[in-house]
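Worksheet for the structure shown next.
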Amino acid sequence: MNVTEIQRFCMHDGPGIRTVVFLKGCPLRCAWCHNPETQFAKREILFYPKKCIGCSACAYVCPNGAHNITDTEHIFNRKLCTGCEKCIEACCSKALAASSEIMTTDEVFAELEKDRAFYGENGGVTLSGGEPFMQAQEAVELLKMCKNHGIGTAVETCGYFEASILEEAVPLVDCFLWDFKDGNDERHKKYTGVSNDKIKRNILLADSLGANIVLRCIMVKGVNIKEDHFNAIAELWHRLKHCKYVELIPYHAYGGSKMTALGKKDNGNNAWIPDKNDIEYARGFLERLNVKVKA
Ligand code: SF4
Ligand code: SF4
Ligand code: SF4
């Protein structure tokens with residue numbers, strides 16, 4: 001499995017106390033992505049200039065001259081990088097780091113088992129990402145291991161994956177935390193890079209297979225806090241038989257520092273942060289359409 005992080009004692013990724021496994025690879029490219037290091041399936045190099053002490057060890061070991069250190073700055077030319085990771089090994093200040101670890105499912109499960117005492121009755125393991133079903137077979141194998149050992153399971157999904165995995169996955173997942181980013185397909189394409197068609201088809205299929213679902217809707221001011229989106233959420237809610245509630249998640253400008261560590265432009269946008277009134281407006285609108293909302 002290609003794992004970017006295993007995060008312990010999480011309270012917002014399903015019920016109870018949870019350990020979250022972040023898997024690398026996502027078919028979407030959300031403009032507001034808060035986990036950009038999970039987007040690409042292959043390992044990447046993170047560079048944190050503030051941690052760099054200018055020792056030049058990376059420049060010395062790099063076979064391609066990708067690191068250029070002057071008196072005033074460190075320029076990392078990613079175009080020259082072939083990914084040998086020699087510079088990461090040479091860096092003593094952790095200014096260079098790999099975006100992920102390749103682990104077997106047994107190794108990941110051994111990490112999850114260490115937290116078993118904290119899961120209690122409601123908690124457990126959440127697979128997140130990225131999109132966990134980009135590594136579908138490995139994700140299913142890990143979910144099976146959790147189930148066989150009596151550990152609760154949840155999956156955070158963008159919903160865009162091959163539908164054929166659902167028959168096997170649904171019985172293994174106690175709760176799906178399912179993103180629905182925008183009911184307006186033109187905006188969905190513009191801000192995530194894909195149509196919402198497949199996502200809607202997959203959630204309806206999962207529901208028909210008996211999946212427990214929480215519909216998670218990120219609220220991005222000026223983008224999707226709009227009536228057509230609320231109407232689409234309500235339509236979906238009323239078609240789903242096993243959706244517990246709709247959760248409204250205010251956008252936060254979290255992903256920016258990770259974007260720059262990947263050599264990309266900071267995608268944080270303060271204008272997108274909704275205030276309390278925006279969330280109350282969304283909640284009120286949806287409740288008037290008889291949607292159960294948690295905000
Ligand atoms: S679905 Fe999640 S991980 Fe994928 S691009 Fe969107 S915000 Fe990022
Ligand atoms: S990973 Fe290898 S090629 Fe890339 S910058 Fe580091 S040392 Fe150079
Ligand atoms: S090895 Fe690390 S600390 Fe030294 S110059 Fe390279 S990035 Fe900076």
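One-based numbering, in listed order, for ligands and for the atoms of each. Both backbone and side-chain heavy atoms feed into the values below; hydrogens, waters and symmetry mates do not. Just so you know, residue 1 is the first one in the sequence shown, and it goes up from there.
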(message) Working note: Glu111 + Lys114, criterion salt bridge (Lys or Arg N to Asp or Glu O under 4.0 Å); need CA distance, chi angles, decisive distance, verdict.
(response) CA-CA 5 Å; Glu111 289 301 310; Lys114 289 179 190 169; 2.8 Å; yes
(message) Using salt bridge (Lys or Arg N to Asp or Glu O under 4.0 Å), reason through Glu141 and Lys144 one step at a time and then give a plain yes or no.
(response) CA-CA 5 Å; Glu141 198 181 321; Lys144 264 186 202 156; over 6 Å; no
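Close approach of ligand 3 to Leu96 (heavy-atom distance below 4.0 Å) involves ligand atoms 7 (S). Counting atoms of ligand 1 from 1 in the listed order, those under 4.0 Å from a heavy atom of Thr38 are 3 (S). Within ligand 3, the atoms closer than 4.0 Å to a non-hydrogen atom of Ala95 are 7 (S), numbered from 1 in the order shown. Residue contact check: Phe76 has heavy atoms under 4.0 Å from atoms 5 (S) of ligand 2. Per-residue contacts place Ile45 under 4.0 angstrom from the following atoms of ligand 2 (heavy atoms of the residue considered): 1 (S).
Although no hydrogens or angles enter the test, the distance criterion places no donor-acceptor pair under 3.5 Å between the side chain of Asp115 and the main chain of Phe118. The main-chain N or O of His149 is found under 3.5 Å from a side-chain atom of Arg116 such that the two form a donor-acceptor pair.
Once rounded to the nearest 0.5 Å, the distance linking OG1 of Thr153 with CG of Leu142 reads 10.0 Å. To the nearest 0.5 Å, atom CD of residue Glu287 and atom CD of residue Glu280 are 8.0 Å apart. Taking CD1 of Ile233 as the reference point, atom SG of Cys217 lies at 3.5 Å (rounded to 0.5 Å). For the atom pair Glu107 CD and Ile6 CD1, the distance stands at 9.5 Å (nearest 0.5 Å). One finds the CZ atom of Arg283 at 12.0 Å from the CZ atom of Arg288 (value rounded to the nearest 0.5 Å).
Side-chain contact check for Thr260 and Asp266: no donor-acceptor pair (N or O, by modelled atom type) lies under 3.5 Å. Between Thr19 and Arg8, the side chains place no donor N or O within less than 3.5 Å of an acceptor N or O (distance only, hydrogens not considered). Between Glu44 and Ser99, the side chains place no donor N or O within less than 3.5 Å of an acceptor N or O (distance only, hydrogens not considered). Looking at Asp228 and Asn184, their side chains do bring a donor and an acceptor atom within 3.5 Å of each other.
In this structure, the protein non-hydrogen atom closest to atom 2 (Fe) of ligand 3 is Cys91 SG, 2.4 Å. The protein atom (non-hydrogen) at minimum distance from atom 3 (S) of ligand 1 is Gly130 N, 3.4 Å. Nearest protein neighbour of atom 6 (Fe) of ligand 3, counting heavy atoms only, is Cys58 SG, 2.3 Å. At the shortest separation from atom 8 (Fe) of ligand 3 among protein heavy atoms lies Cys52 SG, 2.4 Å.
For residues 263-282, every residue pair satisfying the ring-ring contact (aromatic ring centres under 6.0 Å, His included) rule, not counting sequence neighbours, is listed here: Phe230-Tyr281, Tyr251-Trp272. Identified under the ring-ring contact (aromatic ring centres under 6.0 Å, His included) test for residues 37-63, with sequence neighbours left out: Phe47-His74.
Sorted by chain and number, the protein atoms of type N, O or S within less than 2.8 Å of atom 6 (Fe) of ligand 1 are Cys30 SG. Taking a cut-off of 2.8 Å, the protein N, O or S atoms nearer than that to atom 2 (Fe) of ligand 2 are Cys84 SG.
Among His67, Glu44, Arg43, the residue whose heavy atom sits closest to atom 5 (S) of ligand 2 is His67. Nearest-heavy-atom check against atom 4 (Fe) of ligand 3 across Ala90, Cys55, Ala57 picks out Cys55.
Neither the backbone nor the side chain of Leu80 has any atom closer than 4.0 Å to an atom of ligand 2 (non-hydrogen atoms only). Contacts with ligand 3 closer than 4.0 Å are made by heavy atoms of both the backbone and the side chain of Ile53. Residue-level proximity to ligand 3 for Cys92 is absent, since no heavy atom of it falls below 4.0 angstrom.
Between Lys292 and Glu247, no side-chain nitrogen of the basic residue sits less than 4.0 Å from a carboxylate oxygen of the acidic one, so the salt-bridge criterion is not met. Under the 4.0 Å criterion applied to side-chain N and carboxylate O atoms, Lys221 and Asp278 are assigned as salt-bridge partners.
In this structure, His74 counts as a contact residue of ligand 3, since one of its heavy atoms falls inside 4.0 Å of the ligand.
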